[in-house]
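Let me begin by presenting the structure, written as structure tokens, before commenting on it.
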Amino acid sequence: MKVIITENYEDMSRKASEIIIDLLKNKPKCVLGLATGTTPIGLYKNLIKAYNDGEVSFKEVTTANLDEYVGLQKDHDQSYDYFMHHNLFNYVDIKEENLNIPDGSKQDLQKECARYSEFLMANRQDLQVLGIGSNGHIGFNEPGTPFDSATHVVNLTESTIKDNSRLFNDISEVPTKAVTMGIGEIMKSKTVLILASGANKAQAVYDTVKKQPNENCPASVLQNHPDCILIADKEAAKLL
Ligand code: GLP
């Protein structure tokens with residue numbers, strides 16, 4: 001794993017966007033794995049700017065998002081579909097038919113998981129963006145998830161529900177389940193770019209980089225990936 005430590009959030013976002021801008025220039029028809037959360041918002045802002053400056057186009061890009069809450073309709077302002085449209089997709093020339101996010105509003109979630117896995121099998125990500133949960137989760141793969149997992153439904157842990165409750169009016173509104181890309185499917189991406197910002201991620205970053213890969217810290221699996229770049233700001237990297 002290549003570890004890059006930056007001065008602050010802005011530098012982390014800039015470095016991350018440089019890597020993706022390079023990919024878009026070298027391979028305009030790429031499969032881009034995307035993540036939600038507060039962490040990649042700066043990266044997406046930079047990508048929108050690069051698009052507005054005429055540096056890159058998303059016309060031929062296919063996306064593959066990591067996860068989605070179960071039970072939120074797409075137009076709910078905390079759904080990940082809504083997040084992606086409002087933080088990136090609505091502002092670039094990406095085609096709606098090339099966007100892929102697991103659909104957590106489906107009645108038959110097992111069928112939806114199988115459909116998403118099949119899509120990923122046929123569309124290997126060139127690069128997968130990841131954030132990290134304060135408990136080391138990636139996507140919504142919580143501690144204990146097998147490293148070879150495919151897309152599945154998860155029960156969110158108390159700590160994840162609590163972390164994410166800051167974005168809802170009340171903790172009781174946070175969904176307790178989600179559909180997530182599996183760890184095995186994240187690992188199949190040619191490149192993985194994981195971002196971490198802030199002191200509340202410091203322990204998870206330490207466990208990811210320094211501990212033997214183990215299921216208690218899902219992100220530690222990335223040590224086994226042949227091309228993984230972790231970009232952490234100073235606060236997130238303070239235990240390294
Ligand atoms: C959620 C998402 C993850 C994300 C994590 C951290 O649980 N499912 O993909 O990495 O939150 O979010 P943040 O970047 O807001 O700290």
Side-chain angles (χ1 to χ4, degrees), residues 6 8-10 12-13 16-17 32-46 63-72 76-84 86-88 100-104 113 116 120 125 127-145 149 151-168 171 173-183 185-187 189 192-208 217-222 228-233 235-237:
T6 64
N8 52 36
Y9 178 82
E10 286 67 35
M12 178 201 76
S13 303
S17 54
L32 197 52
L34 297 170
T36 55
T38 324
T39 311
I41 291 177
L43 156 66
Y44 296 154
K45 284 206 170 99
N46 294 345
T63 65
N65 256 84
L66 283 171
D67 47 15
E68 179 59 282
Y69 286 118
V70 167
L72 298 189
H76 188 289
D77 65 4
Q78 289 308 322
S79 83
Y80 287 167
D81 191 285
Y82 186 98
F83 174 99
M84 288 310 305
H86 289 264
N87 286 289
L88 180 64
N100 298 279
I101 304 179
D103 186 346
C113 291
Y116 203 66
L120 291 170
Q125 309 93 302
L127 183 146
Q128 178 67 54
V129 178
L130 296 178
I132 185 167
S134 61
N135 63 358
H137 75 232
I138 45 176
F140 267 132
N141 292 284
E142 298 281 28
T145 309
S149 57
T151 302
H152 61 287
V153 178
V154 292
N155 292 316
L156 301 177
T157 61
E158 293 275 335
S159 86
T160 298
I161 291 173
K162 194 160 162 266
D163 283 354
N164 291 3
S165 67
R166 71 186 194 281
L167 304 166
F168 289 79
I171 192 159
E173 290 177 16
V174 185
T176 54
K177 287 177 191 285
V179 177
T180 185
M181 188 188 289
I183 295 180
E185 292 161 337
I186 291 172
M187 289 295 279
S189 177
V192 174
L193 178 59
I194 177 162
L195 308 179
S197 170
N200 66 323
K201 302 296 172 68
Q203 188 63 50
V205 167
Y206 175 85
D207 292 349
T208 299
C217 176
S220 65
V221 71
L222 299 170
C228 174
I229 307 158
L230 165 73
I231 311 181
D233 66 14
E235 284 291 298

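Indexing begins at 1, ligand by ligand and atom by atom, following the structure's order. All figures in this text were calculated on a predicted structure; none of them were measured in a lab.
In this structure, the protein non-hydrogen atom closest to atom 6 (C) of ligand 1 is I132 O, 3.5 Å. The protein non-hydrogen atom at the shortest distance from atom 12 (O) of ligand 1 is G37 CA, 3.9 Å. Ranking protein heavy atoms by distance to atom 8 (N) of ligand 1, first place goes to D67 OD2, 2.7 Å. Ranking the protein heavy atoms by distance from atom 3 (C) of ligand 1 puts G139 O, 3.5 Å first. Of all protein heavy atoms, the one lying nearest to atom 4 (C) of ligand 1 is T36 O, 4.1 Å.
Residue-ligand proximity: M181 is placed with every non-hydrogen atom at 4.0 Å or more from ligand 1.
Pairing each heavy atom of M187 with each of V221, the nearest pair is CE-O, 3.4 Å. Closest non-hydrogen pair, A35 versus N65, comes out as N-ND2, 4.1 Å. Residues N8 and T6 approach most closely at O-OG1, 3.1 Å, considering heavy atoms.
Side chains of Y82 and L72 form no contact here, defined as non-hydrogen atoms less than 4.5 Å apart. The shortest side-chain heavy-atom distance between Y80 and L66 does not fall under the 4.5 Å cut-off.
The proximity of N164 to ligand 1, defined as any non-hydrogen pair under 4.0 Å, is limited to the side chain.
The ligand atoms of ligand 1 that sit less than 4.0 angstrom from a heavy atom of T39 are 13 (P), 14 (O), 16 (O). Close approach to Y80 involves these atoms of ligand 1, each under 4.0 Å from a residue heavy atom: 1 (C), 2 (C), 8 (N). Ligand 1 places these atoms under 4.0 Å from at least one heavy atom of G131: 10 (O).
Compare H137, K201, E68, R166 by their heavy atoms: the one nearest to atom 7 (O) of ligand 1 is in H137.
Once rounded to the nearest 0.5 Å, the distance linking CD of E185 with OG of S149 reads 7.5 Å. For the atom pair CG of L222 and CD1 of I138, the computed distance is 4.5 Å after rounding to the nearest 0.5 Å. Distance check, rounded to the nearest 0.5 Å: CG of N87 to CD1 of I41 gives 4.5 Å.
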